[in-house]
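Each remark here refers to the structure printed beneath this line.
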Amino acid sequence: MALKKGQRTSSDDPEELARTPLQALLLADSFAQKFRPITLERPKVLLPLVNAPMINYTLAWLESVGVEEVFVFCCAHAQQVKDYLDGSDWVKHPSAFSVTTIESHDSISAGDALRFVYNHGVIRGDFILITGDTISNMSLTQALQEHKERRKKDPHAIMTMVIKRSKPLPQLHQTRLGTDEILMGIDPETKELLYYEDKADRSRRLITLDKSLLADNPSLILHNDKEDCYIDICSPDVLSIFTDNFDYQHLRRHFVKGLLVDDVSGYKIFTHEIQSSYAARIDNFRSYDTISKDIIQRWTYPLVPDILYFGSRTPMKLQRQGILKAPDVILSHSARIGPYSSVGSGTSIGDNSVIMNSVIGDCCTIGRNVSIHGSYIWDNVVIEDGCKLSHALVCDGVHLRSGVVLEPGVILSFKVEVGQNIVVPAYSKVSLLPQPSTQDSDEELEYADASSGVVESPSITSMGNAGNFDQTAVSSDGEKLDNSEVGISGVGYIWSNSDGGNEEEWRYSIASITAEKIMEYCNEAYDDHDASDHDLSIPQSGELAHDSESTGFDEGDGEDYRDTYSKFEKEVEETFQRALGGVHEDNLVLEMNALRLSYDKSHLDCAGAVFYSVMRSALAAAQSSNSNLIQTTNEVIDKWKGFLGKYIKSEDEQFEVILKFEEMCQETAKEFSPLFATILHRLYDKDIITEDAILSWAMEKEGADESDKIFVKQSEAFITWLKEAPEEDEDEDEDD
Amino acid sequence: MPYTNQAASLIDAVRAVGEQMIAANPVELAVGNIVRRVLHIIREEDLSSTTTAIEGLGLSDDDVDGDENEDHPALSAAVLAAAARSTLRAPSLQTLLEDIPVSAAAPPNSSSGGDSEGRSKSAEKSSRSRKLKHDVIEAMNELIQDIDTCHEQISEQAVEHIHQNEVILTLGRSRTVKEFLYAAKEKKRSFRVFVAEGAPRYQGHVLAKELVAKGLQTTVITDSAVFAMISRVNMVIVGAHAIMANGGVVAPVGINMVALAAQKHAVPFVVVAGSHKLCPLYPHNPEVLLNELKSPSDLLDFGEFSDCMDFGIQGGSPLLHVVNPTFDYIPPKLVSLFITDTGGHNPSYIYRLIADYYSADDLVVQGKSTS
């Protein structure tokens with residue numbers, strides 16, 4: 001009987017697996033700031049894409065491919081997403097397709113989101129991982145079947161990525177979707193993904209591959225003609241991998257690359273290439289533009305506005321030349337709508353206005369002699385006579401008074417008002433909300449959305465009030481907009497371009513790229529961008545580069561070494577920065593050791609880097625609190641002396657630390673230079689550096705150039721004191 | 001106003017559902033056709049039951065109270081209107097034939113009405129509504145059966161149209177055409193079929209495979225070769241998406257070209273379609289003559305042409321536009337013959353067929369309920 005029972009359960013198992021409803025996890029948060037300032041007020045997934053919030057496209061697609069349960073993970077503006085879904089047909093009319101929201105308030109990356117979902121335990125079988133800004137009309141049947149078959153053969157095949165072919169023109173990724181070219185190494189037989197690089201170093205026109213990649217795989221095709229669709233079929237293991245590797249944040253940059261490099265666990269990622277169907281993700285304003293146009297051109301059929309109408313909107317009618325128009329549009333006889341435009345219901349357009357390649361939302365009022373080219377106008381916008389808009393994005397409730405000119409790439413966020421005859425310069429972003437003053441570093445940009453998402457909602461009302469009765473107040477701050485910029489009756493702040501300035505803006509903006517820019521881009525005259533790319537490189541690339549030496553790429557060893565060292569140093573510094581946030585010292589030591597091993601660095605390097613980070617933190621603390629540098633430094637040294645002691649043990653290491661300190665004083669942190677001798681003394685007092693090391697350093701420096709000897713001279717008194725001290729010490733010892 | 005008339009409330013309910021269904025996919029005209037057919041059936045059944053009921057009521061006029069009195073004018077008005085309508089409409093052969101079984105069914109019906117008249121009027125009313133319900137369901141089942149068997153009924157006529165050693169040309173794939181050709185083959189007719197592949201969906205390839213499996217001599221040609229081949233063809237047989245009230249046809253894209261070629265060479269152009277594809281609307285109105293524009297990916301590979309589709313350069317508008325319509329409209333003068341499940345008809349006769357299947361009140365399904 002018992003045996004029979006056991007047999008039954010075992011025979012049930014595969015059936016059970018097959019019967020689990022197909023689930024999807026929809027991340028309704030991009031964890032990026034590309035859509036700021038708009039996303040400060042409304043989550044990205046609810047932004048209208050050709051007159052319907054973009055999450056609808058994703059949900060409609062999920063329904064069409066036979067997904068039965070969707071979990072919508074919302075973080076930033078979770079309430080707005082929830083409210084929207086609760087009021088929409090997706091939740092109101094439950095059918096075979098159920099939509100459930102999962103709310104989290106402290107997730108700041110896709111990795112956090114997946115860990116959160118894992119803890120919820122709602123995902124039971126294979127699931128589709130997608131973000132709420134992905135538009136597709138592909139059929140999943142084949143991909144799912146392939147995935148399941150592979151899973152049966154090899155439980156390590158945990159993920160199938162959907163990719164799409166595009167033209168192998170390097171500038172095309174940029175001009176179409178505003179993303180970087182992606183390099184993928186794929187096994188042509190098994191379709192296994194072996195290599196993934198979305199931040200390829202374009203300046204040097206070479207990539208470095210791990211030698212084992214070629215040795216272990218019989219065949220490998222490197223593609224630069226594939227687009228990543230960001231649609232993944234995952235097994236539940238993916239969630240547990242994220243939970244195990246708590247430092248994975250980004251789906252591609254950390255998770256995919258991490259798995260590809262990780263030989264131990266043996267997890268494999270496969271690809272599925274779609275042929276004729278469409279799939280793309282809205283990553284930035286440029287892809288928003290491109291995908292809107294693709295929808296109007298019906299590449300996403302049947303996900304087009306005249307077939308799918310979401311909610312109670314009046315259906316759009318498709319007219320000749322691809323013009324989508326709601327039936328109740330009030331169009332003047334002399335107004336002209338050009339091909340591939342869309343006009344929402346309740347909108348009225350005045351005499352002699354021209355609308356080309358644009359999307360206009362519901363209930364807008366457009367005056368006379370207005371020209372709108374390639375722009376996106378959302379709902380309830382008022383545009384008075386004679387305005388000229390080209391390649392601009394205008395959000396809900398904006399009011400443009402007569403004669404306003406919006407130059408290419410302008411973004412006007414919700415309810416901004418622009419006064420008469422104002423010319424808004426190209427690529428400017430105007431919002432009612434002030435720009436957050438805390439500028440995140442380049443790397444943090446990707447993940448910092450959530451925190452701001454929580455804070456901002458109360459500030460909307462306060463700002464609205466301020467804007468109403470005190471418009472001149474905005475001129476007080478240099479960063480904010482004064483009257484001359486938004487005009488007499490204008491309301492709004494101009495956001496300064498945080499980093500890179502206009503240099504970067506053109507890449508992600510709605511405005512079309514000029515021919516010169518493309519030339520420039522093709523000629524790789526883009527050095528500063530490459531430089532910043534280095535900073536973003538992942539740890540694993542260090543390893544790859546190291547291997548490349550042995551495979552015989554002719555790169556200078558020294559340069560390469562310094563390269564990895566600076567990366568290592570940066571990594572150590574970041575780890576240390578995190579530690580300041582309250583990581584236990586033991587964990588910090590563990591992490592440092594792991595870093596040292598992964599970069600294959602000696603103890604000497606490590607000591608130098610750790611010391612460097614500690615001193616940097618002291619400098620940063622002193623600058624932020626404006627207190628005495630020497631005092632802060634002493635405090636920091638006191639605090640971390642145990643930690644430093646773990647790394648700075650031998651005399652060689654101490655010697656290295658002094659050299660490092662000297663280098664710092666000369667180059668990176670000149671603030672320390674007058675204090676060199678004092679701090680050296682302090683280090684000596686705290687037993688971090690022994691006298692032997694200091695003396696040997698002084699010896700070493702004796703033969704050096706005059707310029708190198710500044711610090712030796714500075715600490716001359718201390719050194720001479722040290723030279724005399726030993727005897728005293730010994731005396732004392734003998735006394736004991 | 002509470003509905004005293006069962007049929008009227010049923011019509012309203014069906015109309016409301018029908019409106020939603022039509023709005024869900026306005027391109028699919030067959031949905032609207034069937035909604036109108038159903039409405040027509042309800043009206044007809046109501047008409048027949050009220051005529052019998054009126055006879056019964058005439059007898060029971062003495063013992064009616066005020067409540068019943070209110071019912072009367074409404075009922076009789078509806079009946080008068082219906083009667084007026086049926087007299088206004090010239091009796092076609094079809095209706096005359098249809099009327100016979102109805103009147104034959106009437107006597108037992110009226111006798112049952114007479115029985116119930118002795119009892120309470122509510123019982124009478126419920127029996128009448130039950131009768132109506134029963135009749136409507138029966139007629140509905142008939143309709144369903146008609147649609148199910150329309151292919152067989154059409155293909156029964158195949159031997160009359162396809163003769164020995166003829167060459168037939170068709171475009172794309174239509175199930176009706178396929179069954180039609182199968183039926184002719186089964187009747188031991190030997191003939192050849194030219195299949196134009198029907199770009200960009202190439203359904204012609206599928207049809208060719210199916211015909212060959214049945215042992216038919218088949219030749220696949222490109223759509224562009226139709227004009228060159230038409231002189232060797234004895235008859236063109238195509239399917240339709242919808243047949244409009246004026247005899248025009250909405251059919252898969254490319255068929256207009258075939259029809260013009262056939263006219264040029266005086267080749268008979270035959271459209272086969274079930275009667276559910278008869279649409280009572282006229283194609284003047286752009287709201288009615290909807291075309292469906294599909295994805296350009298049928299024509300072009302997105303990856304290959306992604307640089308031509310690029311909005312990022314050239315001032316933000318690409319020079320390449322792709323139009324991929326699903327349907328053609330073929331004017332009635334190009335059509336030689338319609339073969340439906342009720343037999344062969346001339347294009348000019350279609351309006352009469354439509355008058356048999358639909359009542360004029362239902363032509364505009366949406367407009368009624370919104371106003």
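A note on names: the letters A, B, ... follow the listed sequences, proteins ahead of strands, and every chain is numbered from 1.
Taking OG of A/S276 as the start and CG of B/D301 as the end, the distance is 8.0 Å to the nearest 0.5 Å. In this structure, the separation between OH on A/Y301 and CG on B/D298 is 9.0 Å, given to the nearest 0.5 Å.
Crowding of B/Q20 atom CD: a count of heavy atoms from other residues, nucleotides or ligands under 6.0 Å not exceeding 12. Counting non-hydrogen atoms of other residues, nucleotides and ligands closer than 6.0 Å to CZ of B/R201 gives a total above 12.
Nearest approach of A/W299 to B/S295, heavy atoms of both residues: O-OG, 3.5 Å. Considering all non-hydrogen atoms of both residues, B/H321 and A/Q297 come closest at CD2-NE2, 4.4 Å.
Within the 4.5 angstrom heavy-atom criterion, only backbone atoms of A/Q275 (N, CA, C, O) approach chain B. Only the side chain of A/P339 comes within less than 4.5 Å of a heavy atom in chain B; its backbone stays farther off.
Using a distance-only test at 3.5 Å, with no hydrogens or angles considered, a donor-acceptor pair links the side chain of A/R298 to the main chain of B/L293.
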